[in-house]
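Bear in mind that the values here come from a model prediction, so they are computed numbers and not experimental data. Note on naming: letters A, B, ... go to the chains in the order of the sequence lines (proteins, then strands), and numbering restarts at 1 for each one.
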4 protein chains.
Amino acid sequence: MIENYKYCDEVQLIEADSAKGRLVNVAAKLFNQKGYARTTVRDIASELGILSGSLFHHFPNKEAILCIAMAEAILKASKFMELAMEGTTDAKQQLRILIHCEITALHDENDPGFQLMIPEWRSLNADNRACILSLRQRYEARWHKVLESLQQQSVVNAEARVLRHFIRGALLETCNWYKPSGTLSQKELSDRLFESIIHQQ
Amino acid sequence: MIENYKYCDEVQLIEADSAKGRLVNVAAKLFNQKGYARTTVRDIASELGILSGSLFHHFPNKEAILCIAMAEAILKASKFMELAMEGTTDAKQQLRILIHCEITALHDENDPGFQLMIPEWRSLNADNRACILSLRQRYEARWHKVLESLQQQSVVNAEARVLRHFIRGALLETCNWYKPSGTLSQKELSDRLFESIIHQQ
Amino acid sequence: MIENYKYCDEVQLIEADSAKGRLVNVAAKLFNQKGYARTTVRDIASELGILSGSLFHHFPNKEAILCIAMAEAILKASKFMELAMEGTTDAKQQLRILIHCEITALHDENDPGFQLMIPEWRSLNADNRACILSLRQRYEARWHKVLESLQQQSVVNAEARVLRHFIRGALLETCNWYKPSGTLSQKELSDRLFESIIHQQ
Amino acid sequence: MIENYKYCDEVQLIEADSAKGRLVNVAAKLFNQKGYARTTVRDIASELGILSGSLFHHFPNKEAILCIAMAEAILKASKFMELAMEGTTDAKQQLRILIHCEITALHDENDPGFQLMIPEWRSLNADNRACILSLRQRYEARWHKVLESLQQQSVVNAEARVLRHFIRGALLETCNWYKPSGTLSQKELSDRLFESIIHQQ
DNA sequence: AATGAATGAGAGTTCATTCAT
DNA sequence: AATGAATGAACTCTCATTCAT
């Protein structure tokens, strides 16, 4: 039954201050905390101080909330990343920036949808997966280009594709242990990963 | 209701050939495919050719199946790892072995519980978490020792604790993209990660 | 959403004394009284002294109950009619029997599904409609043959097809006004309609 | 909740060209197509190009729309019928006219409420039923008189009351099969029923 | 050990209706 | 007159779990 609904035909950033924006944000936070399946629409509604039926004024169903949270997150992260990359041509520095941007996206309290993308992938139906996938393409293409360049320079010891997966996994896992409020800053955390891969002579 | 049940007081390896062993195996496989929450006890039972009520002759509840699958997996992986480490004293080689063992555990078809440990952690209640945590301790202690040794030798550029998280994430993520049947063998995959971290002079 | 479920692949008479048989009977009675849409599964369950969830042990959804009630009704009515027609060759007498059988089916307390067929037709999805339609075919074919024969004899003044619709409507409407407990017996009622159409010289 | 509201205290014909008139018309059409219970106020509103909340500026609730649609229909049909009967004294001819008028009312696209009266009777609460019933009285009294007269002349073979039910059913059922756009005109259809009952010598 | 009917809480969703703007 | 966000009760259906057989 989860199969026959499709969202995000026309993706567009929702204003974070709107009712809809707050709703997506709150929902994504709960999805992160408890998992999508374990989060009920009543949980989301009560967090917002409304009743569960009112959610369906804004979204046709629960999955649409997840889908739009992911869509917004990847769009936002893509923009942020491209802005941050501007003017940098050195592949090593580009990688440093990519890592930092992804860390930022994963731990941005105002954009809780980014870290859902991998673990809650299975919660999307085929159509919604296709939609999110297409949005991720531009973002992943950037990564690929940088890593390929590094591979050709023999700065890294693995195929670009394989290395991207390693890095994604390492970064995603930070959501399970890293607390931004601790002693390690996000910048330092990013650098730790960067330096684990790129050894300076 | 998930809160008030505790399993795995007395952990012991179930014979893989027993009815109980097959049950855990089948269930863990389904949990991997669809996620614990989305897998129903009926799914598990029908895969086994029995009715859902019959599951409860073997396990007090669904969570217990998850818990024991994890417990078995970590015990089995620990044994396998310690066997593989025997006689190796060089820290670099030890790391290579650890990585290879974890890849093996993650992709072992006969031990599908290992890859559940992180993503389905939240599906366990407090008691069961404590139980699994204690079983993981010995396993993680081994990792820690090796990584600390490498850090002291300045072979790696991050704190042992942080690096362990990076590696765990990178390895876990392989479950989402790596197919053992493809062109890259598990050994090669392990080596890719090893060489990404440990740069040879 | 009502669209994507199909029932009655393999139609077979359910034993009226079984739990399932009683369930269909009770449900169909309620559908007659209040209409399908206004009858809740809780209504049905509470009439049976069980809880609403238990219904779904026997039927996959509410529509399936309606569908099987119709399927059983038309099968039962077909059998009854063919038995009653045996040995009768005179078309007038055959019509008399057909009318009587349909009156009987419409007012049979133990087969409350028959009178649902027309008014609740729209409550079925496309697949279920096709299923019921195919079951009705044999039944309607009988009517058609008799009425055509009468038309050729010029005993009736309308095309067989049109006349069948008139008769069906007239008979169906009896459910809204006729009470078998009143002064008019079912036999008499049937004869009134018969004699309204077939004028004796 | 359907019980405690009463409409149609003061019945009056709404101008068909008014906003209210169009609304009733559109709603009744939908009620015919999908059934009252399955038609949502959003369906009606979207057909009119407004939002569902706006309906309640014109009508206190959904049931009122149904009720007024019926009320208008019976008033309109009564007027039409009495006009058509004027000057006709022969009972047979009167019946022919009555049948034709009812066919006309049932298939009048501009008066879709008439065919709702029987099948959606159950959707009205007690007060609204009483209201519609009183409006139908004059209309039905006309039928009764004509049929009694025919019965006394022994032109028909059933009690007036019973025959009226037969005819009503036969006519109502035409809504389920007869298409005015087909080869049979409404006049011909009416005559078919007339001639099925009144056999010419 | 297994069945299968039943439970009962709770899930997502629907929808007539209200009301401040 | 119309909007559209919100309500809240009711809906169908799911599912882990129980238990007499």
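- Of the inter-residue distances, the one linking A:Glu72 atom CD with A:Ile68 atom CD1 reads 5.5 Å to the nearest 0.5 angstrom.
- Taking D:Ser46 as the reference, nothing meets the side-chain contact (heavy atoms from CB on, under 4.5 Å) condition, with sequence neighbours excluded.
- Of all heavy-atom pairs spanning B:Ile65 and B:Ala27, the tightest one is CG2-CB, 3.4 Å.
- The side chain to side chain donor-acceptor pair (under 3.5 Å) test applied to D:Asp43 returns D:Lys34, D:Thr40, not counting sequence neighbours.
- Under the side-chain contact (heavy atoms from CB on, under 4.5 Å) criterion, A:Leu48 pairs with A:Leu23, A:Val26, A:Ile44, A:Ile50, A:Leu55, sequence neighbours left out.
- Remark: side-chain polar atoms of A:Tyr36 are paired, donor with acceptor, to backbone N or O of A:Glu63 under 3.5 angstrom.
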*Give DNA chain E the dot-bracket treatment, 5' to 3': Watson-Crick (N1-N3 with N6-O4 or O6-N4) or G-U (N1-O2, O6-N3) under 3.5 Å, [ ] crossing, | other strand.*
.||||||||||||||||||||

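- Note on C:His58: every side-chain N or O is 4.0 Å or more away from OP1 and OP2 of E:dG4.
- Put simply, NZ on B:Lys62 is 15 Å from P on F:dT14, counting in whole angstrom units.
- Rounding to whole angstrom units, NZ of residue C:Lys20 and C1' of E:dA6 are separated by 16 Å.
- Here the shortest heavy-atom pairing between C:Leu66 and C:Glu120 reads CD2-O, 4.1 Å.
- Spacing between atom CG of C:Asn61 and atom C1' of F:dC15 amounts to 16 Å, rounded to whole angstrom units.
- Atom CG of B:Leu51 and atom C1' of E:dA6 are 14 Å apart (whole Å).
- Here the closest non-hydrogen pair linking A:Leu135 and A:Ala71 is CD1-CB, 3.6 Å.
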Look for any protein N or O under 3.5 Å of an N or O in nucleotides 18-21 of chain F and output each such pair with its distance, or none.
none

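- The two residues D:Phe56 and D:Lys62 have their closest heavy-atom pair at CE2-N, 4.3 Å.
- Among pairs with a residue in residues 49-58 of chain C, none fulfils salt bridge (Lys or Arg N to Asp or Glu O under 4.0 Å), at least two apart in sequence or across chains.
- Under the rule for a side-chain contact (heavy atoms from CB on, under 4.5 Å), the partners of C:Leu133 that lie at least two apart in sequence or sit in another chain are C:Trp121.
- Atoms CG (C:Leu55) and P (E:dA9) sit 17 Å apart, rounded to a whole Å.
- Distance B:Arg38 CZ to E:dG12 P: 12 Å, rounded to the nearest Å.
- Per the geometry, CD belonging to D:Glu63 stands 12 Å off C1' belonging to E:dA16, to the nearest Å.
- Remark: A:Thr39, A:Thr40, A:Val41, A:Arg42 in residues 39-50 of chain A come within less than 4.0 Å of DNA chain E through at least one heavy atom.
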